[in-house]
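Counting starts at 1 for both ligands and their atoms, following the listed order. Just so you know, residue 1 is the first one in the sequence shown, and it goes up from there.
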Amino acid sequence: MASDKPVNLLDLDRKAMEDYFTSLGAKPFHGRNVLKWIHKHGVTDFGQMTDLSKKLRASLHAQAQVRLPEIVLEQPSLDGTVKWVMELADGQRIETVYIPDGHRSTVCVSSQVGCALDCSFCSTARQGFNRNLSVGEIIGQVWHVTRRMGKPPTNVVLMGMGEPLANFAPVVRAMDLMQDDLAYMLSKYRVTISTSGIVPNLYRLREVSDVSLAVSLHAPDNELRNELVPINRKYPLETLIPACRAFVRNDKRRKVTWEYVMLDGVNDSLGHARALIRLLEGTPSKMNLIPFNPFPGTDYRTSPPERIEAFRQKLMKAGIMAILRKTRGDDIDAACGQLVGKVQDRSGRTMVSLRQRQLQGLST
Ligand code: SAH
């Protein structure tokens, strides 16, 4: 499909789609139909959108396209996790991960190419920041996974590459599409945005969206957090914690999910656990302890299992629900903090891309 058409329909949420069809001289419901064709039925060819008039299809052909990211690599993990590398129109690459777990299936979506926040234990940070993703590039990841798996995921987490709250408007629109009945129909409890804590945007988000909140905490005090999550220097804990509390205040079912990466000898003592308990007093909380996932060039190591368990027990005794997040997909570098948009395996060999396999007739 030519890429010079002005409008990418994948960038449009319901309201934008209705407005676009009105501007074409059609009715808003035509826009809703097209939204459904694209996201619910996976149809991107206007010729197959049989409830549109010939004339309307012709104007769409002339002015619009459905431009999806292109899957260049599909890597299945031994544990059922699948990682895709997707290439964008300008050649940039992002990663998307699918994590099946019983009846649940979670898609971990990227929001930026690279990341500017420079957390010391994250490999995406090493890549630096390239650019924000558009709405279409974010929702396009969910589109692809839905098609490849034959049904929509039960959960989406914005925990892939990038800081979602640093790409505010496109992320909010994409999350609206995830929840739209004409698209992926996920409840607000099943769409989770993960942030390292861009405090003003947390307040903004609360005004326009009602999704679930996960926050990358990783340390119980400013001194340590400044080192691990440098954005803390700008938005320290005394500003972050009240913003998170405000986010969940109006819904009794809500808790803030805190992410806490377990780094050997850095943030994993019982003293750290005690400080955490004090910090979170009065905030409805759930703690996700994440074993550190190593990557080449890092000096950090993951905490030993018994220390993680002691840490977890300490939190549980204080009434904080704490779970150890299973490491998934680490054999394909798909685990938290390992996403870098590369197409090389660990030995530096370039993997055979899907496109190449298709060309060779090995895959359809
Ligand atoms: N920028 C957002 C989204 C990334 S989410 C955020 O910071 O929340 C990915 C989660 O994995 C974050 O909690 C991040 O801190 C964590 N993470 C990053 N690198 C990791 C690593 N090497 N091992 C385990 N978790 C890591």
What protein heavy atom lies closest to [atom]? Include the residue and the distance to one decimal.
atom                    : result
atom 23 (N) of ligand 1 : Asn293 N, 2.9 Å
atom 19 (N) of ligand 1 : Gly337 CA, 3.0 Å
atom 21 (C) of ligand 1 : Cys336 O, 3.2 Å
atom 2 (C) of ligand 1  : Ser194 O, 3.3 Å
atom 6 (C) of ligand 1  : Ser216 OG, 3.3 Å
atom 10 (C) of ligand 1 : Glu259 OE2, 3.7 Å

Under a 4.0 Å threshold between the charged nitrogen and the carboxylate oxygen, would [Y] count as salt-bridged to [X]?
X      : Y      : value
Asp19  : Lys15  : yes
Asp11  : Arg67  : no
Lys83  : Glu74  : no
Glu309 : Lys314 : no

Considering only heavy atoms of [X], which atoms of ligand 1 have at least one such atom less than 4.0 Å away?
X      : value
Phe121 : 15 (O), 17 (N), 18 (C), 19 (N), 20 (C), 21 (C), 22 (N)
Gly160 : 4 (C)
Ser196 : 6 (C), 7 (O), 8 (O)
Gly162 : 1 (N), 2 (C), 3 (C)
His218 : 13 (O), 14 (C), 15 (O)
Cys122 : 18 (C), 19 (N)
Val261 : 23 (N), 24 (C), 25 (N)

* Asked: Can you name the nearest heavy-atom pair linking Tyr235 to Leu240, along with the distance?
  ->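 Here Tyr235 and Leu240 meet closest at O-CB, 4.3 Å.
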* Check Phe21 against Lys27 and note the closest heavy-atom contact, atom names and distance. =>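 In terms of heavy atoms, the two residues are closest at CB-O, 3.8 Å.
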Quick one: does ligand 1 sit under 4.0 Å from the side chain of [X], the backbone, both or neither, non-hydrogen atoms only?
X      : value
Pro291 : backbone
Leu117 : neither
Met159 : both
Ile290 : side chain

* To do: May I ask you to check whether over 12 heavy atoms, not counting those of Glu281, lie within 6.0 Å of atom CD?
  =>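 Open: at most 12 neighbouring heavy atoms sit under 6.0 Å from CD of Glu281.
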* To do: Taking the six-membered ring of Phe247 (Phe, Tyr or Trp), confirm whether the NZ or CZ of Arg254 is under 6.0 Å from its centre and within 45° of its axis.
  =>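 No - Arg254 does not lie over the ring of Phe247 by the 6.0 Å and 45° rule.
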* To do: Mark yes or no: Arg204 above the aromatic ring of Phe168, with NZ or CZ under 6.0 Å from the six-membered ring centre and no more than 45 degrees from the axis.
  =>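 Yes, a cation-pi geometry holds between Arg204 and Phe168.
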* Asked: Heavy atom of Ser123 under 4.0 Å from ligand 1?
  -> no
* **Side-chain heavy-atom pair Leu186, Asn155 within 4.5 angstrom cut-off** =>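 A side-chain contact is absent here, since even the closest heavy-atom pair is not under 4.5 Å.
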* Go through the steps for Ser216 and Tyr260 under the test side chain to side chain donor-acceptor pair (under 3.5 Å), then give the verdict. => CA-CA 6 Å; Ser216 296; Tyr260 197 97; over 6 Å; no
